[in-house]
Every structure is written in structure tokens, then in C-alpha cells.
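Numbering starts at 1 and runs along the sequence shown.
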Amino acid sequence: MATRPGRDLTQGPIARTLLLFALPTLGSSILQSLNGSINAIWVGQFLGEAALAATANANLVMFLMFSAVFGFGMAATILIGQRIGAHDVDGARRVIGTTIGMFAVAASLVALAGWLWAPSLLHLLATPPEVFGLALAYLRIIFLGLPPSMIVVLITMGLRGSGDSLTPLWFMILSAVIDVILNPVLILGLGPAPQLGIRGSAAATLIANIVGLLALVAYIYRRDLPLRLRGREIGYLLPDLRLLKTIVFKGVPMGLQMLVVSVSALAMIGLVNREGAAVTAAYGAANQLWTYIQMPAMALGAAVSAMAAQNIGANRWDRVSQVTRAGIGMNVLMTGSAVLLLLAIDRHALSLFLGNDGHAMAIARHMNLIVSWGFILFGITSVLSAVVRANGAVMVPLLILVIAFFPVRLGLAACFQPRIGADAIWWSYNAGSLTTLVLTIAYFRFGGWRALRMMPPTDPIEAEEMVISSTDPAGRAQPNG
């Protein structure tokens, strides 16, 4: 039965469809950040700074884990979007089945290894001795929650690829509410609950993820959503090696993009630390605000990727161009508005993190004035990258990111910091953003990413092989994107 998702992204007005699809994704991102912030408040208030530092060390490990999942999840999202756009629901189910089957096994093995090797990981991160025990207790429970957490992420991304961004939001709300409520209950042992301390915070997240996963799966089957597996389709959970090859081939470069961002951020912090404690404090506070400024661009990028993938699957290239233009326009409007709002209220927003520290406040406002405008360029880049990624082009965007982040951003910052001080760091952000935009525009206009071709939807496996072989117009297996 050709079940259709709640929102067909190949039909209807472009701008309205894109906006309505992007807003739940934006809401999910904001909610996830708020959930993490509230939990950090619980830990800091009830258990102190050492416990908060312990969770920060453990969360760094988990961030690297989810960076890898992000790449494979995006690959699955794109393939699902193309299948749904081509009205090949069975092909979409094959993709989600292979992806979940692979990660159910992989995440379980990683969880077991993480439990056993958590002490070594924390030593590798040079975790301070005074927080080591707390970090170990927290990290081991978080590792137990890795399988359900990863599967939730994959299902959520798959649903968005099928055209449904609202269902993930509802179950994100459910998990976040459970997590926020259970944190103080399990940390302090309120009512009949045991007093678990920092283990309680990790246990709250574990319970919230499990409940969220079970509720999400039940809802998918109750509503008979396109990605549900029944009868013989349950066999799709046994990973198909040819599908798996495509997901890995496309997913690794996208996961590496997250790694590039993380490594660059760590290197940038090293440069910031040379400027003294006040600059480091100001940078940390500004980063909190920058996270929220980037959210509209990231949500619209995810929406553009799913919408473009469906239209590519439907061979509606005229709509792909319209999606690109609409995405750029919305990003300029939304990100530009966020930047203007930040600059208007930056003193009040920064005071939440910096208190009455006038020196750090002045530094943070100065860096905001320089850096924040670059996020508009980031928003445009995110749309263009999302479109080329929706057709399977992933290598060139990775190379562009490496060039912009390392020789440009970090290179300029390190070169000019001895001459003009911290301003070299702030201006290097804009130089990196401008470089990324210029190179991405050049690839979008003149690159070979459009040469990818979709096979007829009657043979899903053969179509996946075509995604790899047709990256060159002559049919040679030479990925150009």
C-alpha cells in the first residue's frame, strides 16, 4: 500500500510548505538545548560545580558519538526522502530498516565497550582527579542509554525525510518533560525514589529516552506511518550490504563534517585561552547566544535537505531551484532578525552568564558586534549545502569546510593574533564564513553534483548502487561530491 506521509513536500506552495516543515525542527532544536541547560542547572544547584564539570566531560564523549550517528542519519534521511518523492515507500522502509538494524547492533556493542573502557576515555580527556569518580558514574549510565538514544535519532531523521517533522517534535517534548522532572527526583531521592546523586541525572535521561522511543514506535504503528515495518518487512532490519554500503559511503563524510567543526572549536578555544580569563569567560557567554542564533539556519537546512531530496526523487528539478531560493530568503530573514535581536538585547542576555563583570561584558559585546553578522552568511551556505547534499554530494562540502575552518579561520587567527590580539580571532570567524559561502556558491553553480541520477523506484537495491556509480556523468565510480 502506497502510504503517504503527512506532508507531501513535492506539492503545494514552496515557501509555505518549507516554513511549516522547518518550524517543528526549529522547535525541537530549541527544546533540546533548553533541556540540556535545565538539567545542567539541576546538577549544578543540587550537586555542585564538581558534578557539573563531570557531566561536561562525559557529554563531550557522547557528542563525538552522536556526531558519527548524525552523518549516517543524514544519509538515511536523504535516501528516504528520494524514495518517498519517487512514491517508492517500500524502498524507504528498506532504508530505515537497514539503518536501524545496523545501529541497534553497533550501538549495543559501543555501549558495552563504553561501560568497560569509560575510565580510559576519561583519562584520555585529562579529566581532573576531583571529578573523575563523578564523571565515571555518570558516563557509564549514559552509555547504557546509547542504543535507545541513537535509534530515536535515526527514526526522527527518517520521519523528517518522509515529510513528517511534527511527530518528532511531540516526542521530543515528551522525553524532555520526563527528563527535566525526573532529574531532581532521582538526584535528591524525592518521594519513593532512591537518592542517586549524579547517577540520578544520567538515569533520568536513560528513562526519558526509553519511554520516548517506546511511545514513538507505538505511535508510528498506531497511525500506520510510512516507515513502519510489518510482516515480511521486519526482515528489512537485517542490514542489506548494498544499501549499507551507500549509507556508509555517504554518511562518513557528513559525520566528518561534525568532527571538523568540533576539532576547530577546540583549537579556537586554545587561542582564546591565551587572551586571559576575562576573554575566555566572554567567549563562553557569547557562544551560548550564538548557539541559538544558528538554530534557524540549521532547522531550515534540515528542512531544505528533506524537501529537496523528495523533489529530486520525484524528478521535480524546477521545484528544487524554488526550494533553494525560498530557503535562502527565509534564512536571511530569520537569521538576520535573530542577529538584530541579539545586538539589541546583548547586554541583558550576556548578564545571565557574566553577571556584573563589566570587563568581560564589554569584551563579549565587542566580539558579538564583529562575529554575529557572519551567521547570516552561514545561513545561506547551509541552504546551498543542504540542496547538493540532498542529491548525494558530500565530499566537496566536506573539503570546503576543512579549507574554511583550518587554513582560513584558524590560520588567520593564529597569524594575526600576535599583531592585533583577540580581534584576529573574531574577524577570522567572518573570514571562514565568507570563504565557505564563496566556495559553496562556486560548487553549486559549476560543480558536478547535478550529474547524480536516480534509477526507477521498482528496484530499490539497484537504485542505491546507482547513487554510487552515477556520481560521474560517464558512469565511473568517482565521487565528485
Item checked: Candidate pair Leu146 and Val110, rule side-chain contact (heavy atoms from CB on, under 4.5 Å), full reasoning -> CA-CA 8 Å; Leu146 192 63; Val110 171; 3.4 Å; yes
Item checked: CA sep, side-chain torsions, deciding dist, call: Leu439, Leu399, side-chain contact (heavy atoms from CB on, under 4.5 Å) -> CA-CA 10 Å; Leu439 293 178; Leu399 294 175; over 6 Å; no
Item checked: Full working for side-chain contact (heavy atoms from CB on, under 4.5 Å) between Thr98 and Arg94 -> CA-CA 6 Å; Thr98 287; Arg94 289 176 183 271; 5.5 Å; no
Note to self: Test side-chain contact (heavy atoms from CB on, under 4.5 Å) on Leu79 and Thr99; report intermediate values, then the result.
What the structure shows: CA-CA 11 Å; Leu79 292 174; Thr99 308; over 6 Å; no
Check: How far apart are the C-alpha atoms of Arg232 and Asp90, what are their side-chain angles, what is the distance that settles it, and do they pass the salt bridge (charged side-chain N to carboxylate O under 4.0 Å, His left out) test?
Finding: CA-CA 11 Å; Arg232 66 175 182 81; Asp90 185 72; 3.7 Å; yes
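The shortest heavy-atom contact between Ala306 and Arg160 is CB-O, 3.5 Å. Taking all atoms of both residues into account, the shortest heavy-atom contact from Ile380 to Leu437 is CG2-CD1, 3.6 Å. Of all the heavy atoms in Leu136 and Ala118, the pair that sits closest is CD1-CB, 3.6 Å. Scanning both residues, Tyr443 and Pro397, for their nearest heavy atoms gives CE2-CD, 4.3 Å. The minimum heavy-atom distance linking Gly101 with Pro239 is given by the pair C-CG, 4.0 Å. Closest of all the heavy-atom pairs between Thr17 and Pro13 is OG1-O, 2.6 Å.
In this structure, the side chain of Arg319 engages the main chain of Gln11 through a donor-acceptor pair within 3.5 Å. Side-chain atoms of Ser382 come within 3.5 Å of backbone N or O of Gly379 as a donor-acceptor pair. Side chain of Asp179 to backbone of Ser175: no donor-acceptor contact under 3.5 angstrom is found. Asn311 contributes a side-chain N or O that, together with a main-chain N or O of Met307, makes up a donor-acceptor pair within less than 3.5 Å. Between the side chain of Lys250 and the backbone N or O of Ala75, no donor-acceptor pair lies under 3.5 Å. Under the 3.5 Å distance criterion, the side-chain polar atoms of Arg93 are matched with a main-chain donor or acceptor of Pro226. Remark: side-chain polar atoms of Gln82 are paired, donor with acceptor, to backbone N or O of Ala390 under 3.5 angstrom. Side-chain N or O atoms of Thr77 include one that pairs as donor or acceptor with a backbone N or O of Gly73 at under 3.5 Å. The closest donor-acceptor contact from the side chain of Ser162 to the backbone of Leu159 lies under 3.5 Å. In terms of modelled atom types and a separation under 3.5 Å, the side chain of Asp88 and the main chain of Arg83 share no donor-acceptor contact.
A salt bridge links Asp224 with Arg230: the closest approach of a Lys/Arg side-chain nitrogen to an acidic carboxylate oxygen falls below 4.0 angstrom. A salt bridge links Glu233 with Arg228: at least one charged nitrogen is closer than 4.0 Å to a carboxylate oxygen.
In this model, a donor atom of one side chain and an acceptor atom of the other lie less than 3.5 Å apart for Thr167 and Asp164. A side-chain donor from one of Asn209 and Ser149 sits under 3.5 Å from a side-chain acceptor of the other. Under the 3.5 Å distance criterion, with hydrogens and angles disregarded, a donor-acceptor pair is assigned to the side chains of Ser201 and Asn183.
The closest side-chain heavy-atom distance from Trp449 to Arg389 is not below 4.5 Å. The shortest side-chain heavy-atom distance between Ser29 and Met298 does not fall under the 4.5 Å cut-off. Residues Tyr292 and Leu34 have side chains in contact (heavy-atom distance under 4.5 Å, counting atoms from C-beta outward). When side chains are defined from C-beta on, Val261 counts as touching Leu401, because their heavy atoms get closer than 4.5 Å. The shortest distance between side-chain heavy atoms of Leu229 and Tyr221 falls below 4.5 Å.
Figure legend: cation-pi geometry between Arg140 and Phe143 absent, as NZ or CZ is not positioned both under 6.0 Å from the six-membered ring centre and within 45° of its axis. For the pair Arg16 and Phe21, the NZ or CZ position fails the cation-pi test of under 6.0 Å to the six-membered ring centre and within 45 degrees of the ring normal.
A distance of 6.0 Å or more separates the ring centres of Phe378 and Trp290. Between Trp170 and Tyr219, a ring centre-to-centre spacing not shorter than 6.0 Å is recorded.
Each salt bridge (Lys or Arg N to Asp or Glu O under 4.0 Å) pair with one or both residues in residues 295-316, not counting sequence neighbours, appears once here: Arg316-Asp318.
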